[in-house]
Amino acid sequence: MQNPGLNKKFKNKDLIDIEENKEKQNEVIKKALHNYLFHNTKHLLFSSFAYALYKNSYDLIFDMLNINNSSKSEVIMIGHKVLPQNMDDIISMWIKENITIDDQNWKFKFGNVFSENKYYEAMLTFILILHLKITEDNYSLNFKKYSISELMFLKEKLNYLKEKIADFEIYKYKLMKQNNELDLENSQKQLLNLLNKLFSNIEAEINKKINSSEISKKCINELKDSFYHEYEESSDNIKKTLLMINKEVIKREKYIKENKKFGLKNKLPRSFFVEETNTYLGYLGRQYAESFIRGINTEIFKEILNKSENIFINELDGIIKEIGQNDVIIFSTNYSKILRNNKSFKHLWEIKDENYLITPSAYYRYENKNIPIFLFSTNFNDSKTFIINKQKFLTLIEFEPSLEKQYIKDNIYFYLQEIDADKENLILNLYTSFKIEFENDFKCFVIE
């Protein structure tokens, strides 16, 4: 049996909790609104400065530089200084503000009111630095409050500012006429020294943060997934075409340590695999897949080339007749010009209603038959055309590339390795293992 008094007690407690939560929510909203209004006012003023410079209103600029000293209540923002007072304040105009409410960090992004002001804000930044007498020796910057992506943005911003220092000469003499308190004689050197030191310290802080960050599994998977997607879908992958010719053409065998491996071992910056850096890992994965496919194609065609007999293009029809038009297939590397310029060469769009599991790149017209031509990319310097008998072919024997099966998919070993001695890079291990066996009566002809 339930106790009615106890139930009432719990209900009252729930009501008290709800009221307390409402009060906390209202307090958070009040503080957030206060901070938003204050910081948005700062951004409005910053953009107004830039606009005043754009309009050559130098008297207004100096009036605004002294706005913090005004006695009018409208511009005293509840004890806050409206204009930047140090390097941290100036930088906060470029990126998101960090606002602390009840010991929690809240981030608000504020937009600029004058959309074309990047250049003028750069000039204003120089004026503020000189007005506040900030130098390479006395500046302060709280690196800890900035994320890696924010620091990387700051590097780009500093590069832009360094490019625009020379332009500051345009305004220097006009500013000197308006106010002789600014030290403008050595302004270029002073600004450049400050920006160079800032850049160097920011770069060091980025490296420090990256090296202490965890490697993101999400980033690794993005690279790996894009690699395998491109590898499996690419029409340039010769394995797909070989399987179309004969499903038995590829055989799998267990790992043998002595077997030759084909692939690559590359260093990749650790920064690629820290989520904040926003590296285009999908694109990078596709690039690796294309390079890997090209390398494997090259190795296979090297083996075939060693078993091939050289012929000229005018002998091609005779070879097709000898093999039999239903059994012949043509592989071409790097799009042979000799073949393409032949009158019997037909582009894909010229031939309709041919039924192949994989669409050929083109056709060679022989009598009433369209002989499929499959094009492959390789690392050969020149193009080669191989004429092969499908009935007297080869076998591609694939060996497990490693005993670490957790890193193997589609007979490819894909593993990103961290090295204790090198905190700035990871090692990408990417390879496969295979050999080719030719039938005793295998015969291939090649046009080079």
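All values below were derived from every heavy atom in this structure, side-chain atoms included, with hydrogens, water molecules and symmetry-related copies excluded.
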Hey, would you say the [X] and [Y] ring centroids sit under 6.0 Å apart?
X    : Y    : result
F168 : F126 : yes
F227 : Y288 : no
F434 : F399 : no
F262 : Y431 : no

Quick one: does [X]'s side chain get under 4.5 Å of [Y]'s, heavy atoms only?
X    : Y    : result
Y415 : L430 : no
K209 : I206 : no
E303 : F438 : yes

How far apart are the closest heavy atoms of [X] and [Y], and which atoms are they?
X    : Y    : answer
L132 : Q85  : CD1-C, 3.8 Å
F442 : K392 : CD1-O, 3.2 Å
Y366 : D317 : CE1-O, 3.6 Å
Y363 : P372 : CD2-CA, 3.8 Å
M87  : I134 : N-CD1, 3.8 Å
I408 : S402 : CD1-O, 3.2 Å

Could you check whether [X] pairs with [Y] (Lys NZ or Arg NE/NH1/NH2 to Asp/Glu carboxylate O, under 4.0 Å)?
X    : Y    : result
E398 : R252 : yes
E437 : K435 : yes
K384 : D382 : yes
K189 : E136 : no

Inset, instruction - Report the C-alpha distance between N196 and N193 in whole Å, list the side-chain angles of each, state the deciding distance to 0.1 Å, and finish with yes or no for side chain to side chain donor-acceptor pair (under 3.5 Å). - result: CA-CA 5 Å; N196 281 334; N193 288 343; 5.0 Å; no
Legend entry - K307 atom NZ, neighbour heavy-atom count above 12 within 6.0 Å: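 No, NZ of K307 has 12 or fewer neighbouring heavy atoms, counting only those of other groups under 6.0 Å.
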Inset, instruction - Assess whether atom OH of Y280 is packed by more than 12 heavy atoms of other residues, nucleotides or ligands within 6.0 Å. - result: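 No - once you tally the heavy atoms of other residues, nucleotides and ligands closer than 6.0 Å, there are 12 at most.
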Inset, instruction - Test F386 against F376 for side chain to side chain contact (heavy atoms under 4.5 Å, CB included), laying out the working first. - result: CA-CA 11 Å; F386 297 88; F376 301 98; over 6 Å; no
Inset, instruction - Determine, step by step, whether I210 and I148 satisfy the side chain to side chain contact (heavy atoms under 4.5 Å, CB included) criterion, reporting the C-alpha distance in whole Å, the side-chain angles of both residues, the deciding distance to 0.1 Å, and the verdict. - result: CA-CA 7 Å; I210 286 172; I148 294 170; 4.0 Å; yes
Legend entry - Stepwise side chain to side chain donor-acceptor pair (under 3.5 Å) check, N201 with Y139: CA-CA 12 Å; N201 289 346; Y139 87 91; 2.5 Å; yes
Inset, instruction - Tell me, with the steps shown, if E448 and N310 meet side chain to side chain donor-acceptor pair (under 3.5 Å). - result: CA-CA 8 Å; E448 293 188 89; N310 281 77; 2.8 Å; yes
Inset, instruction - Determine, step by step, whether R365 and N370 satisfy the side chain to side chain donor-acceptor pair (under 3.5 Å) criterion, reporting the C-alpha distance in whole Å, the side-chain angles of both residues, the deciding distance to 0.1 Å, and the verdict. - result: CA-CA 5 Å; R365 186 72 173 172; N370 296 315; 2.7 Å; yes
Legend entry - CA sep, side-chain torsions, deciding dist, call: K267, E424, salt bridge (charged side-chain N to carboxylate O under 4.0 Å, His left out): CA-CA 10 Å; K267 276 187 179 182; E424 294 184 0; over 6 Å; no
